[in-house]
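Keep in mind that the numbers below use all heavy atoms, side chains included, and drop hydrogens, waters and symmetry copies. Counting starts at 1 for both ligands and their atoms, in listed order. Numbering of residues begins at 1 and proceeds along the displayed sequence.
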Amino acid sequence: MKLLHLDSSILGGNSASRQVSAAIVEQLAKATPGLDVAYRDLATEPLPHLSGELFAARQGAVPESPAIQQDIAASQAVLDAFLDADIVVIGAPMYNFGIPSQLKAWIDRIAVKGKTFAYSEYGPKGLAGGKTVIIASARGGFYGAQSPVAAWDHQESYLKTVFGFLGVTDVRFLRAEGLNVGAEQKEKAIAEARGEVAGLVAQAAA
Ligand SMILES: Cc1cc2nc3c(=O)[nH]c(=O)nc-3n(C[C@H](O)[C@H](O)[C@H](O)COP(=O)(O)O)c2cc1C
């Protein structure tokens with residue numbers, strides 16, 4: 001079984017989503033003998049923005065610059081790693097109501113027509129189903145269903161939409177929120193999220 005672990009927080013050792021994503025992967029590794037784990041830190045090893053030349057090459061255009069060959073190869077490796085994974089664990093903070101641009105750059109590499117989605121006369125069809133995506137979500141405020149600003153959440157809702165579009169129906173969230181309210185709330189929210197890891201792993205591994 002293969003697991004792809006991604007982090008995207010720019011806060012390094014102070015990151016909440018990194019702590020929670022690491023705890024999820026650690027528990028999954030304990031629960032799954034022989035689990036093959038691949039890791040990428042999208043903040044320290046970022047992908048460039050999707051370029052017009054790369055996009056055109058995906059449609060079959062012959063690349064004009066030799067430099068793009070490297071980008072095409074890197075993009076293919078990112079796509080293959082996603083397609084090969086049975087479980088994808090992503091540390092995904094809320095930045096400016098959405099996801100970090102580093103994570104968006106990764107999504108731009110895996111959302112590929114004919115590989116992870118297709119259009120038909122019946123509408124869009126996801127081609128990357130059969131995997132579990134687990135999101136370690138961290139955010140400064142509160143955006144749960146009861147929150148008056150629930151509609152400002154373009155982070156979890158976006159991730160659910162985009163993975164659903166790619167055919168992944170099993171998308172789970174482990175959330176630590178209210179992290180910027182104060183030190184006490186931050187500690188409590190991270191501890192609660194970490195406390196939920198074992199239950200989530202038991203479900204995901206079942
Ligand atoms: C650049 C930046 C933008 C942020 N934007 C938001 C935001 O729009 N809403 C929010 O609730 N918190 C926001 N925060 C707070 C983070 O969501 C919070 O610090 C969380 O801990 C980030 O996860 P991390 O610790 O894994 O990086 C922002 C933080 C940063 C660094």
Short list, please: which atoms of ligand 1 are under 4.0 Å from a heavy atom of [X]?
X	result
A138	17 (O), 23 (O)
R139	17 (O)
G141	10 (C), 11 (O)

Nitrogen or oxygen of [X] less than 3.5 angstrom from that of ligand 1:
X	result
L179	no
A16	yes
I10	no
S9	yes

Keeping the roles fixed (side chain from [X], backbone from [Y]), state whether a donor-acceptor pair exists under 3.5 Å.
X	Y	answer
Q102	E45	no
R40	D7	no
S8	G91	yes
K131	L83	yes
E53	S65	yes

Can you pull out the closest protein heavy atom to [atom]? Residue, atom name and distance to 0.1 Å, please.
atom	answer
atom 26 (O) of ligand 1	S17 OG, 2.5 Å
atom 5 (N) of ligand 1	N96 N, 2.8 Å
atom 23 (O) of ligand 1	P93 CB, 3.1 Å
atom 13 (C) of ligand 1	M94 O, 3.4 Å
atom 8 (O) of ligand 1	F97 N, 2.8 Å
atom 18 (C) of ligand 1	G140 N, 3.7 Å
atom 31 (C) of ligand 1	Y95 CE2, 3.7 Å
atom 15 (C) of ligand 1	N180 ND2, 3.4 Å

Whether Y143 lies under 4.0 Å from ligand 1, heavy atom: yes
Min side-chain heavy-atom separation K113-Y119 under 4.5 Å: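 Sidechains of Y119 and K113: in contact.
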Heavy-atom closest contact (Y95 atom, L11 atom, distance):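 Reported closest heavy-atom pair: OH-CG, 3.9 Å.
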L103 versus A92, closest heavy-atom pair with distance: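 That would be CD2-CB, 3.8 Å.
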Qualifying residue, where the test is side-chain contact (heavy atoms from CB on, under 4.5 Å) with V78 and the options are D108, L47, V112: L47
F163 and W106 aromatic ring geometry - parallel, tilted or perpendicular at 30°/60° bounds: tilted
